[in-house]
Amino acid sequence: MPSARGFYLENERAVLGMATVAFVLVVWEGLTRGWWLWRIEPIFLSAPTAIARTAVQLFATGEIWADLGVSGLEFLLGFVTAVVAGIALGLAAGWHRQTAFALGPFFSALNATPRVALLPLIIMWVGIGIWSKVLVVFLGAVVPVYLNAVAGVRTADPRLLTVARSFGSSTPRVFWAVVLPGAVPFLLTGLRLGVGRAMVGIVVGELYAATAGVGFMITVAGATFQTDKVFVGVILIALAGGLMIESLTRIERRVETWRVKVGAAA
Amino acid sequence: MAVKLEAKGVCVEYYQPRTENRLLAVDDVTLHVMDGEFVSIVGPSGCGKTTFLGVVDGLIPASTGRILIDGKLVTGPGRDRAVVFQDASLLPWRTVLGNVLYGLECQGINSRQARERARHFVEMVGLQGFEHHYPHELSGGMQQRVNLARALVVDPEILLMDEPFAALDAQTREVMQEELLDIWRRAKKTVLFVTHQIGEAIYLSDRVIVFTARPGRVKDTVPVEIERPRKLAVKRDPRFLKLEDQVWELIETEVKKTMLTDRSVRSLPTDAQRDAGT
Amino acid sequence: MSEEAWRAAEGASRLRTFYAKHDALLIGIGTVLVFLLGWETAARSGVVNPLFTSAPTRIVRAGYRLWAEGDLWRHIQVSGTEFLAGYLMAIGVAIPLGLAVGWYKRLYFCLAPFIDALNAVPRVALLPLIVIWFGIGIWSKIVVVFLGAVIPLLINTFSGVKITEVRFLKVARSFGASELRIFWTVVLPGTVPFIFTGLKYAAGRALLGVVVGELYAATAGIGYLITVAGSSFQTDTVFVGILSITIAGVLSVELLNRLERRFDRWRPDARSRP
């Protein structure tokens, strides 16, 4: 039978974490309701209960689904194309030196530039509809996916390559049987980093110029001082990003049980 | 000769408040080391000998029992003891000289004399010219020399050595053993040396104490009456070989016990193990 | 074989060794040149409309003009101030806090939910709130830069402390070192490489913060220059702005790499790391 102290030690992290969060929420709520020495206008700060109420309302009326749908579609189109292109180019560049030399300068330049800085150009080229967001998501995600795919192929264990060749494997077969499985953890790392960049792309793209989407909702709500709605949008974005990154991290951990390497940072 | 170090009924029990599990690592160890004596503890891996050394150093509290040095109770790490750690554990961001100085710095000594003293011990372990190298630029043997110098420089009365040569290749190990005896003779320290290598223990020590498998208990003490100074050739002396057999017989059943309880080692049971009733 | 043939053969083989030695550079430069030439030709021949795509020579000319008129420098100063102020504030907060959170387990347990939450939100999504709170002046950008940079730096510093090796702690304790000395001689030096990794990440996030903040709502700065030029179809100027940002990004990372190398001599793998 674990004692109370045993229970606390077992769950110390959760107990302390929840206590602090509860404390901050109460202080926050109190600030807008004048429980403490001075009061802050809810229009500036909002309050936990107000945010919760707005969230319920947005979902109940179904108002939010249109924005979520647009953002989701943009994300899906941009991210999937980025993954396909990034992995294909990355595997090619990792395996074939000359390809890497040719692509290198472009990806280095892209990597050094926050891709959202290209938004004004992108808007000029494809307008403020959904495609500008798809493109900026693509550009954001393709760089880490590519860089990690290259790193994954390059770290193929030379001993395994020698073994495979000494058994007389052909080059394509070595690639499929030895190099590609070894690169999987790196590809997953690339995907995880790519999700983060894609989220930034969606949000900034919609903040900057859009007609729908969660980022658009935030920016309209902000401009009209609907602070509650801004918070709901921010929380939704955090949940979506957190969920995707968490599931990719889990997959990574499962894959890494047979391999202790970590991916290259992008 | 006076008794330098005494352990009286030392037990170490690990207790996890989270799961409320208890694990006995060291069980009722009573032993002593004379002033200037070289004593080794031999036992199968995981038998608690390193834990026991930690208790002597004062890093690990004994659950029951006590450690006395010159008759005084040990309550924590002190200047009269210094440890030569198993993996050299050199601070990678300090040079050889910086690492040797570290012990002195911890005791609040950081003067010109301290540097001179550190330099002297770097030379004593044969590393002159390497003072400003970083640990990663040194071989395993050289790292252990720094480890030894770092312990010697604080001028402890007792050296506690925790399998310091375990990670070295066979030839380097032999050379280091011979040099250790030479340094010990010159520095006149009391040494408590932990190892799982029987030959090493006999070659270095005045007495060899054999531990049982976990929980570690004193199984027997074997005196080594081979005259000093000992050359490496002594390892082929019939007396040496006889001692080796004697210690191995004491330890053999213990080693097999650990092999059976250690799930990572899978082997076919031998007659001895079947006899042991497992 | 005649003298000339010999010379020619020798010259050819020298050329080949030169290529083999520098193939990375040659292929890289070659591809970039082809790309730039193609772009220029397409724009000049009217295959694409230079109003939308600009062209390398037009970008260079626009860059020169903006620089000579002092406009570019003025915007760089504003963006640079925002970047530096936010980045330095992030360093001032993240490193001490990261060390404390790594050292005191319970402090970590208390703050973990907030760190995790901030880490999950793209900080630029907070811009509408930040603009409500701090206006569209320089402070909203400083805050978004700070928020962008503080999280990766905090997390890296924290992991550096967490990863402190127990064997080094044992050495220090065995020599009777005080907790304060253990912190300065064991924990902090081991954390330095992690802090540098964090600083590099943070620089990227800080740059992102400057750009997005200025795209979103500003009255000056490179991001502002880009957005104004974009809405008035001055594509050349947009490219000049983007290139300035790229150069700033490359320079800041290179600067940090140099600084890191000075602290890094003791690391066995210092040269092989990316």
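Labels below follow one simple rule: chain letters A, B, ... track the order of the sequence lines, proteins then strands, and each chain is numbered from 1. Worth saying up front: this structure is predicted, and the values here are computed from it rather than measured.
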Non-hydrogen atoms of chain C under 4.5 Å away: do they reach the side chain of A/I245, the backbone, both or neither?
-> neither
Of the backbone (N, CA, C, O) and the side chain (C-beta and beyond), which part of C/V238 lies under 4.5 Å from a heavy atom of chain A, both, or neither?
-> side chain
Most contacts with chain C, counted as non-hydrogen pairs under 4.5 angstrom, among A/F231, A/F225, A/F23 = A/F231
With chain C, which of A/T219, A/I237, A/I123 has the greatest number of heavy-atom pairs at distances under 4.5 Å?
-> A/T219
Contact class of A/L103 relative to chain C, heavy atoms under 4.5 angstrom | neither
Top of C/C110, C/S54, C/G28 for chain A proximity - count of heavy-atom pairs under 4.5 angstrom = C/C110
When every non-hydrogen atom of C/A125 is compared with those of A/I218, the smallest separation belongs to O-CG2, 4.1 Å
Name the member of C/L111, C/V210, C/V212, C/I245 that forms the most heavy-atom pairs with chain A at distances under 4.5 Å.
-> C/V212
Got a sec: does the OH of C/Y104 have more than 12 other heavy atoms crowding it under 6.0 Å?
-> no
Identify which part of C/V211 has an atom lying under 4.5 Å from any heavy atom of chain A, answering side chain, backbone, both or neither.
-> side chain
Heavy-atom distance under 4.5 Å between the side chains of C/P128 and A/L207, does that happen here?
-> yes
Per-residue tally against chain C (heavy atom, under 4.5 Å) across A/T227, A/L110, A/V203, A/L121 peaks at A/L121
From A/E12 atom CD to C/R106 atom CZ, the distance as rounded to the nearest 0.5 Å | 4.0 Å
Winner by heavy-atom pair count (cut-off under 4.5 Å) against chain C, out of A/I202, A/V204, A/L243 = A/V204
C/W139 CH2: over 12 foreign heavy atoms closer than 6.0 Å | no
One should read off an interatomic distance between C/L208 CG and A/T113 OG1, to the nearest 0.5 angstrom, of 11.5 Å
Can you tell which part of A/R115 gets under 4.5 Å to a heavy atom of chain C, answering side chain, backbone, both or neither?
-> neither
Could you check which of C/G30, C/P113, C/G204, C/A117 has the highest count of heavy-atom pairs closer than 4.5 Å to chain A?
-> C/P113
What part of C/L127 is in contact with chain A, defined as an atom under 4.5 angstrom from a non-hydrogen atom: side chain, backbone, both or neither?
-> side chain
Heavy atoms only: give me the nearest C/G230-A/M124 pair and the separation to one decimal.
-> O-CG, 3.8 Å
According to the interplanar angle, ranging from 0 to 90°, do the rings of C/F35 and A/F106 count as parallel (below 30°), tilted (30 to 60°) or perpendicular (above 60°)?
-> perpendicular
Which portion of C/R205 sits near chain A, non-hydrogen atoms under 4.5 angstrom | side chain
Where does A/V24 contact chain C at under 4.5 Å (heavy atoms): side chain, backbone, both or neither?
-> side chain
Looking at A/A112, A/G241, A/P105, A/A102, which has the largest count of heavy-atom pairs under 4.5 Å with chain C?
-> A/A102
For the atom pair CD (A/Q226) and CD1 (C/I132), what is the distance rounded to the nearest 0.5 Å?
-> 9.5 Å
Interchain contact, A/V21 with chain C, by part (heavy-atom threshold 4.5 Å) = both
Does any non-hydrogen side-chain atom of C/F109 lie less than 4.5 Å from one of A/T20?
-> no
Sort out for me which of C/F233, C/Y216, C/F52 touches chain A most, counting heavy-atom pairs under 4.5 Å.
-> C/Y216
Given the options A/G242, A/G222, A/P120, which has more heavy-atom pairs under 4.5 Å with chain C than any of the others?
-> A/P120
Top contributor to chain A contacts, counting heavy-atom pairs under 4.5 Å, from C/V250, C/L243, C/T235 = C/T235
Which portion of C/N119 sits near chain A, non-hydrogen atoms under 4.5 angstrom = neither
Residues, nucleotides or ligands: over 12 heavy atoms within 6.0 Å of A/W131 CH2 = no
